[in-house]
Trainee: 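First, the structure itself, so that you have it in front of you.
Computed from a predicted model, the values in this text were never measured in an experiment. Residue numbers begin at 1 in each chain, while the letters A, B, ... track the order of the sequences.
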Amino acid sequence: MAEVSKVSDYLAAAKSFEKKWSDKWAKENPFKTLGPKDKDFDSTKPKKVILDFFPYPSGAGLHIGHPLGYTATDIISRAYRMQGYNVLHSMGFDSFGLPAEQYAIQTGRQPAETTDENIKVFTRQLRALGYDHDETARFESSKPDYYRWTQWLFLKFFNSYYNRFEVWQDKLGSEVIGRAKPIEDLREKLQSGKWKKDQFGEVGPAGNRYHIDVKKSEIEDLVDAARLAVIKNVDVNWCPMLGTVLANEEVTPEGKSERGDYPVYKKPLKQWVLKITAYADRLYDDLKLLDWPKGVMEMQKEWIGPSEGALVSFKTADGAKLNVYTTRPDTLPGVTFVAVAPEHPLAVKYAGEAVKKMVSLARNHAYEDKTTHQGIFTGQYVTHPLTGKKIPVWVGDYVLSGYGEGAVMGVPSHDTRDFDFAKKYDIPIIPVLMPSDEWLDANAPKGKEYASGKDLRALYIKDCAKFGTAFTDDGIMLEGLEGAEDLGGLDNRTAIRKICEKLEALGAGAAKKTYRIRDWLFSRQRYWGEPFPIVYDDSGKAYPVSEADLPITLPEVTDFKPVTSDDKDADPVTPLGRVTDWLKVKGTILPDGSVKLGEGKDAKTFSRDTNTMPNWAGSCWYYMRYISPNYAGGFVDEAAEKYWSGERFGAKGSVDLYVGGTEHAVLHLLYARFWHKVFYDLGLVSTPEPFYKLFNQGMITADAYSDSRGFYVEVDKVEEREEGGVRTAYNKETGEKLTINPGKMGKRYKNGVCPEDVCNRHSVDAFRCHMMFLGPLEATSPWRETTIVGQERFIASVWALAHRKDLDTSDAPANKDIERLVHSTIKEVTEDIKNIRLNTGISALMVLTNALAAEAKPKKEHVEILLRLMQPYTPFMVEEIYSEGKNFKLPAGVKSAAFLAWPQYDEEKLQADEVTLVVQINGKKRAELIVPATATDKEIEAAAMDNETVKRHLEGKEIRRILHIPNKTCKVLGIVVG
RNA sequence: GCGGAUAUGGUGGAACUGGUAGACACAACAGACUUAAAAUCUGUUGGGAGUAAUCCCGUGUCGGUUCGAUUCCGACUAUCCGCACCA
């Protein structure tokens, strides 16, 4: 054997050429994304936009989860490029936000400084892994060149409102109800009287419901309130330990901050809010346009949480209205109390002190036991809209203030919570619906009276409380219900409709759709974020800064720390509020209502907004910036956006493939969809959705090792051995036997894996293949470095194969079996790229490699096909082989192996002369023989019947049926006997 | 409680629309080369019976549909993830 060790030869070579190529690629940027304005751009080619989640550059550098997804997208984009697509695959950095700021605080340095440093490390690591990113698109969301456009886009929200009455045709030809429009459009509608108010103060097209004239003096207030970005007094999630408020999405179910796990308190504050609720229906419905994992779709649907129901008004003693929201208006005749949330004005007014403790409990998510409800009677009564009866008003801690109207109608007979509450406080229980017989049987109390054969229905009507719980399913309306005498015998779904009609006629309610999603709290009291492009005059009125003044740069300060405390009653203080020389600014109001900053003859003094935007802001539109990363004329170059969004193909989403973990299922993915839809409505982007296909990569788990005291031991201090077939771990230093704990990777488990180190030990190409070979990309797979030797051997075999001096370059016809394998491999690898099954793609390449290596004289053209198929997986090795110019050379005009043409397979060559025939008798495989591929059904049957084993199994049996079963790889004959 | 996902050899995993279960790889074992080891190459490797041909069992559990089920249906178990008083 000429080579002493294929693997060590290859590794020695890889060490130098991998560095050489990554340096060269970084310098020459061969993967620059071009657009319609560039002269070398071929806009007739189809496009693929492949996107990775926007990484936050942490101080720890890349962790193992990053290269899992990034390598997959890199392989896919390299393959599509070879297949003749224009490919956009870039990576910038999400560098603003809480984590970056926390890191700076912990290291006692400036966030701008630490962020720069971290990005240098990330960039180095990304380059080392050979990714085909555009070097000019490594923008950072914390740089003014970028956030200038984040601020510009924010102003679009500020200068728009949602016209929920507009019906329009979108680019897909679908009818859409509701659209964001310039705020000027609303002002005009109100000034001209085309829009009026309704009794609730809501505005809409003049007609029956909207008939109240809008006074001139009201117009500006209505306009301001209608903006998609608005300053509102809202109940916020205040986290004093972080010194900031948080979005609902950033608070865990336990009432802690997602980041840091600090307590979060409810507090009313004036804050920026983006009206995501206006888009609730479209965000929900348009999920059906997308190719997303089912789980993420379900999570978004649950988060949006639409529910169909009705608003019902009860009259209070002083003639005011107490509104409740219900999904079951059919049960209205069974209302025996009304419960309001502890924060409800009525509760505060009539239950005073007693309610305070309850309020603080409710606000702070501090229920110990969710099953025992506390209630306080307010002493007040309201009038039932159907029966006119007096209904007591209670304060109930189980009523949520933020949902619906913060008040519910109590129907103990048909709601379990109301039932428990009524039992506890001795409130009457009136049945409305007749349950099914099964339910009655199952829930009937024990005792003679309720024995089988008794009339349970009559007993239920007599005293439904005896049945121990509420009947919450659909049922039939009882006869003779007070206020609903005409509905007896109807199914309750019909009754819902009739009752809604009745309520509307009485002016005591109407059908209404409610959502669980709340408006998006958009300000943070932190330093490291985008400043708002907003200034205030002396009266506190907000003005947008003129576009020419953007960006509003974040002032450089020495003391950027938030004011944190463990006092939940502390008020938020913004770090920017301390920057006294920045706070006040001169400016002039322009005709369009914006403020041009700077001295001038009519200049007045304004004060700046001292909040910053949340870290989600930058990631809401970064995928657009990749299209034209350095474009100064707008957030995206319009012509380039049209091409890359796939508008001409009727694309539903701009990004063709988006790969990342599930951690952003509702946060980023919902926010970005919302922004995109607003921009779509305003004509700024060409597709209704940002991300057409979403793919969730799995998690990589790892074993952690703990000693007898329960302390974790660093992985590199551990040695694993095989003892009697059992994996056993020892501490290399002390020799102590350790416990193996499978689970998540993390600092605290001391089992993190640094991708860079693995690459240094095994080569980047082997690391890339190893990541992909762990299992299907979507699955959770355990990390094990030892098995990477399989990839090293595989790549080294290809390397050796490509360097053989005896490759067959003649025109002699190839061995048919090898030729067939070559073509089936092309097919398999191509399909695996399309279906994101990169693990089986590697298997196929291994099979071909093994077969070629076993040939006495492999054909050069076959090795070349193998190399081209491997380029996406092992770009370094393939680039090196082609650049050596020995066996393989790049064609003229092709600068890199990444731009070689993808091999095509020939359907004819996939056919074999002889195929396996599998004979099944009653579905069981009984024989396997070889028959000519051209054999007719008759010949196949004859061959099968001639087989000894088959004969034996058929002996004395009657053949009932013969089946020729289609199969891709062999022929299957099914014989059914009786 | 509700929703989603997963379950296949010693291990990671293949098997596309119901048709050869275990591709590919790791580990293990045996052999070749070597003074020896490593590396490399060759072979074996789901369990069981049999000299063999061959046969039986086998894809979390129980049942169903079918000539035939890892795949479809029903019930259940375990694990992971998300949501959880939303009226």
Side-chain angles (χ1 to χ4, degrees), chain A residues 1 3-9 253 293-299 301-303 305 307 309 324-328 331 339 367 370-371 373 396-400 402-405 407-411 414-418 420 472 514-517 662-663 665-666 696 698-699 701 722 725-727 743 770 773-776 778-784 786-791 793-794 796 828 831-832 835 837 839-840 842-847 850 916-928 948-949 952 960-963 965-978:
Chain A
M1 283 284 114
E3 57 274 307
V4 178
S5 162
K6 288 201 301 199
V7 170
S8 55
D9 277 0
K294 216 175 164 179
V296 178
M297 295 241 236
E298 289 307 316
M299 278 158 79
K301 284 183 183 176
E302 270 173 35
W303 191 263
S307 87
V324 304
Y325 176 74
T326 177
T327 53
R328 293 293 298 276
T331 62
Y367 303 118
K370 290 189 174 184
T371 56
H373 300 308
D397 65 358
Y398 72 105
V399 184
L400 299 175
Y403 184 78
E405 301 288 316
V408 299
M409 58 187 215
V411 187
H414 301 296
D415 182 284
T416 47
R417 294 153 303 185
D418 297 344
D420 295 342
T472 56
T514 308
Y515 304 89
R516 197 174 294 194
I517 191 170
T662 47
E663 68 275 14
V666 282
N696 282 139
M699 220 180 27
T701 59
E722 190 97 5
V726 183
R727 274 173 56 229
H770 184 57
F773 201 67
L774 287 175
E778 68 273 26
T780 298
S781 314
W783 172 259
R784 214 145 281 163
T786 50
T787 57
I788 197 173
V789 296
Q791 302 306 318
R793 287 174 195 154
F794 159 55
E828 165 95 35
E831 282 172 6
D832 285 347
N835 299 322
R837 289 198 314 240
N839 53 331
T840 51
I842 293 179
S843 300
L845 291 166
M846 284 174 163
V847 172
N850 293 343
T916 310
L917 170 67
V918 171
V919 186
Q920 290 181 351
I921 298 172
N922 281 355
K924 264 193 170 154
K925 177 179 160 187
R926 287 304 177 187
E928 196 179 299
E948 289 305 319
T949 317
R952 205 175 63 241
R960 296 228 175 114
R961 255 203 287 168
I962 301 244
L963 308 152
I965 299 152
N967 184 296
K968 277 188 189 155
T969 50
C970 64
K971 285 180 189 288
V972 178
L973 182 74
I975 304 174
V976 183
V977 299

Trainee: Give a yes/no on whether any side-chain N or O of A/K968 is located under 4.0 angstrom from OP1 or OP2 of B/A15.
Mentor: no

Trainee: Can you tell me if A/R926 touches the phosphate of B/C55, counting only side-chain N or O atoms and a distance under 4.0 Å to OP1 or OP2?
Mentor: yes

Trainee: Take atom P in B/A49 and the same atom in B/C67, then report the distance between them in whole Å.
Mentor: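 Those two atoms are separated by 35 Å.
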
Trainee: Roughly how far apart are A/T840 OG1 and A/D832 CG, rounded to 0.5 Å?
Mentor: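 The OG1 atom of A/T840 sits 3.5 Å away from the CG atom of A/D832.
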
Trainee: So do A/Q791 and A/M846 actually touch side chain to side chain, heavy atoms under 4.5 Å?
Mentor: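 Of all side-chain heavy-atom pairs linking A/Q791 with A/M846, at least one is under 4.5 Å.
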
Trainee: Hey, does the side chain of A/H770 reach the backbone of A/R784 with a donor-acceptor pair shorter than 3.5 angstrom?
Mentor: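 Yes; at least one donor-acceptor contact below 3.5 Å.
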
Trainee: When rounded to the nearest Å, what value does the distance between P atoms of B/A25 and B/U40 take?
Mentor: 13 Å

Trainee: Which nucleotide, B/C55, B/A23, B/A15, lies nearest any side-chain atom of A/R837?
Mentor: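 Side chain of A/R837 sits closest to B/A15.
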
Trainee: Over how many whole Å does the gap from A/I921 atom CD1 to B/U54 atom P extend?
Mentor: 13 Å

Trainee: So which one's nearest nucleotide on RNA chain B is more toward 5', A/P776 or A/G790?
Mentor: A/P776

Trainee: Do the non-hydrogen side-chain atoms of A/M409 and A/T331 ever get within less than 4.5 Å of each other?
Mentor: yes

Trainee: How is A/V972 classified with respect to the nucleic acid when contacts are heavy atoms under 4.0 Å: base, sugar-phosphate, or nothing?
Mentor: sugar-phosphate

Trainee: P atom, B/C62 versus B/U70: distance in rounded Å?
Mentor: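 Comparing P positions in B/C62 and B/U70 gives a spacing of 13 Å.
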
Trainee: Please determine, for the side chain of A/P782, which listed nucleotide (B/G12, B/U20, B/A14) has the closest atom?
Mentor: B/G12

Trainee: Verify, without hydrogens or angle tests, whether A/D415 (side chain) and A/G410 (backbone) share a donor-acceptor contact under 3.5 angstrom.
Mentor: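 Not confirmed, A/D415 side chain does not pair with A/G410 backbone.
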
Trainee: So does A/G309 get a backbone contact from the side chain of A/Y325, meaning a donor-acceptor N/O pair under 3.5 Å?
Mentor: yes

Trainee: Rounding to a whole Å, what distance do you find between A/K294:NZ and B/G82:C1'?
Mentor: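 Roughly 15 Å, once rounded to whole Å.
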
Trainee: With respect to the side chain of A/T969, which nucleotide from B/C24, B/U20, B/G4 is positioned closest?
Mentor: B/U20

Trainee: Which of these nucleotides, B/C56, B/G82, B/C26, is closest to any side-chain atom of A/K924?
Mentor: B/C56

Trainee: Look at all strands and tell whether A/L774 reaches a base, only sugar-phosphate, or nothing, counting heavy atoms closer than 4.0 Å.
Mentor: sugar-phosphate

Trainee: Looking at A/N839, I'd like to know whether one of its side-chain N or O atoms comes within less than 4.0 Å of OP1 or OP2 on B/G12.
Mentor: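 No, no such contact exists.
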
Trainee: Looking only at side-chain N and O atoms, does A/T416 come under 4.0 Å of OP1 or OP2 in B/C85?
Mentor: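 Answer no for this pair, as no side-chain N or O of A/T416 is under 4.0 Å from OP1 or OP2.
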
Trainee: Find the distance between CZ (A/R960) and CG (A/N922) and round it off to the nearest 0.5 Å.
Mentor: 9.0 Å

Trainee: Answer with base, sugar-phosphate or nothing: what part of the nucleic acid does A/R793 contact at a heavy-atom distance below 4.0 Å?
Mentor: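 Touches sugar-phosphate only.
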
Trainee: Would you indicate what A/T514 reaches in the nucleic acid, counting non-hydrogen atoms under 4.0 angstrom: base, sugar-phosphate, or nothing?
Mentor: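 Since no nucleic acid heavy atom lies under 4.0 Å of A/T514, the category is nothing.
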
Trainee: B/A25, B/G82, B/C67: which one has an atom nearest the side-chain heavy atoms of A/L963?
Mentor: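 Output: B/C67.
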
Trainee: Quote, to the nearest angstrom, the P distance that separates B/A38 from B/C29.
Mentor: 11 Å

Trainee: Just call it for A/N850: base, sugar-phosphate, or nothing, with non-hydrogen atoms closer than 4.0 Å on any strand.
Mentor: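 Sugar-phosphate: the residue A/N850, judged by heavy atoms under 4.0 Å, touches backbone atoms but no base.
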
Trainee: Is the phosphate of B/G12 approached by A/R784 (side-chain N or O, under 4.0 Å from OP1 or OP2)?
Mentor: no

Trainee: Can you check the A/E948 CD to B/C55 P distance for me, whole Å?
Mentor: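 Between P of B/C55 and CD of A/E948: 13 Å.
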
Trainee: When the C1' atoms of B/C55 and B/U6 are considered, how many whole Å apart are they?
Mentor: 35 Å

Trainee: For A/Y403 and B/A87, is the shortest distance between a side-chain N/O and OP1 or OP2 below 4.0 Å?
Mentor: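 Answer is yes, contact under 4.0 Å.
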
Trainee: Have a look at B/G82 and give me syn or anti from its glycosidic angle (syn if within 90° of zero).
Mentor: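 Anti, which is what one calls it when the glycosidic angle falls more than 90° from 0.
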
Trainee: Just call it for A/T949: base, sugar-phosphate, or nothing, with non-hydrogen atoms closer than 4.0 Å on any strand.
Mentor: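 Sugar-phosphate only.
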
Trainee: Would you indicate which nucleotide in B/U40, B/A14, B/A87 comes nearest to any side-chain atom of A/Y325?
Mentor: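 Minimum distance to the A/Y325 side chain belongs to B/A87.
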
Trainee: Short question: side chain of A/R328, backbone of A/T472 - any donor-acceptor pair under 3.5 Å?
Mentor: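 At least one qualifying donor-acceptor pair exists.
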
Trainee: With P as the reference atom in both, quote the distance from B/U71 to B/U61 in angstrom, rounded to an integer.
Mentor: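 Here B/U71 and B/U61 have their P atoms 11 Å from each other.
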
Trainee: More 5' along RNA chain B: A/I975 or A/G775, using each one's nearest nucleotide?
Mentor: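 The residue whose closest nucleotide sits nearer the 5' end is A/G775.
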
Trainee: To the nearest Å, give me how far apart CD1 (A/I962) and C1' (B/G19) are.
Mentor: 16 Å

Trainee: Check the distance between B/G68's C1' and A/R960's CZ and give it to me in whole angstrom.
Mentor: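 Going from A/R960 (CZ) to B/G68 (C1'), I get 15 Å.
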
Trainee: Among B/C55, B/G82, B/A87, which nucleotide has an atom closest to any side-chain atom of A/M299?
Mentor: B/G82

Trainee: Sticking with atom P, work out how far B/A28 lies from B/A7, rounded to a whole angstrom.
Mentor: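 It works out to 27 Å between them.
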
Trainee: Choose from B/C24, B/U20, B/C67 the nucleotide whose nearest atom is closest to any side-chain atom of A/N967.
Mentor: B/U20

Trainee: Should the side chain of A/E302 and the base of B/G3 be counted as holding a donor-acceptor pair, with the cut-off at 3.5 Å?
Mentor: no

Trainee: Using whole Å, report how far NZ of A/K925 lies from C1' of B/G68.
Mentor: 14 Å

Trainee: Out of B/A87, B/C67, B/A14, which has the shortest distance to the side chain of A/N922?
Mentor: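 So the side chain of A/N922 is nearest to B/C67.
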
Trainee: Expressed in whole Å, how much space separates the C1' atoms belonging to B/G9 and B/G48?
Mentor: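 Nearest-Å result for B/G9 against B/G48 at atom C1': 15 Å.
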
Trainee: Tell me which nucleotide among B/C67, B/G12, B/A15 gets nearest to the side chain of A/F773.
Mentor: B/G12

Trainee: Give one of base, sugar-phosphate or nothing for A/S843, where a contact means two heavy atoms less than 4.0 Å apart.
Mentor: base

